[in-house]
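As structure tokens, the structure follows; a few thoughts come after it.
Residue numbers start from 1 in every chain, and the chains themselves are labelled A, B, ... in the order their sequence lines are given, proteins ahead of strands.
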Protein chains: 2
Amino acid sequence: MLWTVDPAAEEPLYAQLVAQVHLALARGELTPGERLPAARELATSLEVNVHTVLHAYQQLRDDGVLELRRGRGAVVVQGAGTAGRDLSVVERALAAFVDAARGAGLSTEATTTLLKEALKG
Amino acid sequence: MLWTVDPAAEEPLYAQLVAQVHLALARGELTPGERLPAARELATSLEVNVHTVLHAYQQLRDDGVLELRRGRGAVVVQGAGTAGRDLSVVERALAAFVDAARGAGLSTEATTTLLKEALKG
DNA sequence: CTAGTTGTTCTATGTCAATGCGAACAACCT
DNA sequence: AGGTTGTTCGCATTGACATAGAACAACTAG
């Protein structure tokens with residue numbers, strides 16, 4: 001998977017990393033059993049502090065996505081993600097939703113707020 | 001519209017108010033020309049500081065949703081929102097998207113991340 | 001014109017998250 | 001045994017968030 005980080009973004013750096021892993025997992029770019037780069041290594045290449053990367057890793061562990069062990073690194077948990085599943089249905093539904101929202105003149109704030117509400121229930 | 005605030009939520013208080021206005025506007029519960037409660041008044045009833053409410057109001061003004069004038073209060077801008085439009089199409093598309101995402105086993109993080117990505121492009 | 005209302009602006013304070021930095025430590029691998 | 005890697009401390013800095021109080025200016029209503 002591809003790692004990127006935008007220090008200018010409003011979203012915290014660690015949260016950006018967390019979201020990227022979730023997304024890569026959903027897209028099958030990351031599969032269970034796969035090992036992620038070492039925290040220090042990733043931190044260096046992203047020009048970010050080690051603790052920031054570790055913060056993201058620990059968050060992902062709490063999410064049940066990663067398994068962390070000293071000396072071994074960060075490994076994607078077996079059964080995590082949707083690897084192998086077909087996401088085309090989701091992609092189509094997403095495209096339809098975005099089109100509908102834009103067609104109705106909804107702002108991005110209103111659109112994301114609607115989704116959050118729907119996910120709550 | 002209904003005003004609520006949850007101090008325990010992760011989302012900032014002012015952001016909660018902003019989201020509520022956006023949502024109410026999208027749902028037609030708030031119409032252009034309508035006047036919002038005075039900042040001090042709303043702050044008192046919500047047991048929140050005046051500056052917090054004002055922060056939300058000013059954010060909404062920056063979003064092009066509100067018009068603020070001293071002595072007159074906060075009024076919804078003419079042409080703001082989707083008042084009068086039919087949101088049933090959006091609601092259905094949203095429901096379909098949420099169903100598809102859940103059916104695919106996507107986490108809420110992955111789902112919201114997907115939407116953000118889609119809204120960017 | 002007067003008094004009340006309401007947003008605007010200013011200063012100040014305290015808390016907390018995020019990030020960065022350094023160091024020691026424990027489990028794991030080769 | 002030695003290197004790798006996550007774990008756990010401590011500490012400092014920055015900024016957002018929220019609260020608080022006060023004075024001020026524009027508007028409304030009487």
Side-chain angles (χ1 to χ4, degrees), chain A residues 3-22 30 32-78 80 109, chain B residues 1 3-21 30 33-78 80 109 113:
Chain A
W3 295 91
T4 54
V5 137
D6 178 17
E10 39 200 286
E11 201 178 9
L13 297 178
Y14 86 93
Q16 292 180 36
L17 297 176
V18 170
Q20 276 175 46
V21 171
H22 274 123
L30 214 55
E34 194 169 338
R35 180 183 166 176
L36 269 55
R40 298 179 223 259
E41 180 188 343
L42 186 55
T44 303
S45 81
L46 290 181
E47 296 181 340
V48 156
N49 195 276
V50 195
H51 293 90
T52 303
V53 176
L54 284 171
H55 188 2
Y57 278 11
Q58 285 158 6
Q59 175 67 50
L60 286 165
R61 179 190 52 192
D62 293 347
D63 291 347
V65 169
L66 286 188
E67 199 175 83
L68 304 179
R69 301 232 181 132
R70 333 182 200 199
R72 229 194 303 180
V75 180
V76 179
V77 159
Q78 291 296 332
E109 291 89 354
Chain B
M1 69 172 285
W3 295 92
T4 55
V5 137
D6 178 17
E10 38 203 283
E11 200 178 9
L13 297 178
Y14 85 95
Q16 292 180 36
L17 297 176
V18 171
Q20 277 174 45
V21 171
L30 214 54
E34 195 168 336
R35 179 182 167 178
L36 269 55
R40 299 178 224 256
E41 180 188 342
L42 185 55
T44 303
S45 81
L46 290 180
E47 295 180 340
V48 155
N49 194 276
V50 194
H51 294 91
T52 303
V53 176
L54 283 171
H55 189 2
Y57 278 10
Q58 286 158 6
Q59 175 68 50
L60 286 164
R61 180 190 50 192
D62 292 347
D63 291 347
V65 169
L66 287 188
E67 199 176 82
L68 304 179
R69 301 232 182 130
R70 335 183 198 195
R72 231 195 302 182
V75 180
V76 179
V77 159
Q78 291 295 333
E109 290 90 354
T113 303

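The closest side-chain heavy-atom distance from B:Y14 to B:V5 is not below 4.5 Å. Using a 4.5 Å cut-off on side-chain heavy atoms (C-beta onward), B:T52 and B:L46 make no contact. Counting heavy atoms from C-beta outward, B:L66 and B:V76 have side chains that approach closer than 4.5 Å.
A:V48 comes within 4.0 angstrom of sugar-phosphate atoms only, judged by non-hydrogen atoms across all strands, and of no base. Looking at heavy-atom distances under 4.0 Å, B:L13 makes contact with sugar-phosphate atoms alone, never a base. Backbone-only contact: B:Q58 has heavy atoms under 4.0 Å from sugar-phosphate atoms and none from a base.
A distance of 8.0 Å separates CG in B:L42 from CG in B:L36, rounded to the nearest 0.5 Å. The CD atom of A:E109 sits 9.0 Å away from atom CG of B:L60, with the distance rounded to the nearest 0.5 Å. The distance from atom CG of B:L17 to atom CD of B:Q59, rounded to the nearest 0.5 Å, is 11.5 Å. Expressed to the nearest 0.5 Å, how far CG of A:N49 lies from CG of A:L13 amounts to 10.0 Å. In this structure, B:Q16 CD and B:E10 CD are separated by 9.5 Å, a value rounded to the nearest 0.5 Å.
Here the closest non-hydrogen pair linking A:V65 and A:H22 is CG2-NE2, 3.9 Å.
In this structure, B:L36 places its CG atom 13 Å from P of C:dT6, rounding to the nearest Å. Regarding A:D6, its CG atom lies at a distance of 15 Å from the C1' atom of C:dT19, rounded to whole Å. Rounded to a whole Å, the CZ atom of A:R40 is 10 Å from the C1' atom of C:dA23. For B:E10 and C:dC16, the CD to C1' distance is 15 Å, given to the nearest whole Å.
Comparing B:H51 and A:N49 by the nucleotide of DNA chain C whose heavy atom lies nearest to each, the residue mapping closer to the 5' end is B:H51. Take the nearest nucleotide of DNA chain C for A:R69 and for A:V50: the residue whose nucleotide is more 5' is A:V50. Nearest-nucleotide positions on DNA chain D for B:G71 and A:R72 put A:R72 closer to the 5' end.
Here chain B contacts DNA chain D (any atom closer than 4.0 Å to a heavy atom, that is under 4.0 Å), and the contacts span D:dC17 to D:dT28 from 5' to 3'.
At least one side-chain nitrogen or oxygen of B:R61 sits closer than 4.0 Å to the OP1 or OP2 atom of C:dT8.
Note on the helix from C:dC1-D:dG30 to C:dT30-D:dA1: terminal axis deviation equals 40°, with five pairs used at each end and the result rounded to 10°.
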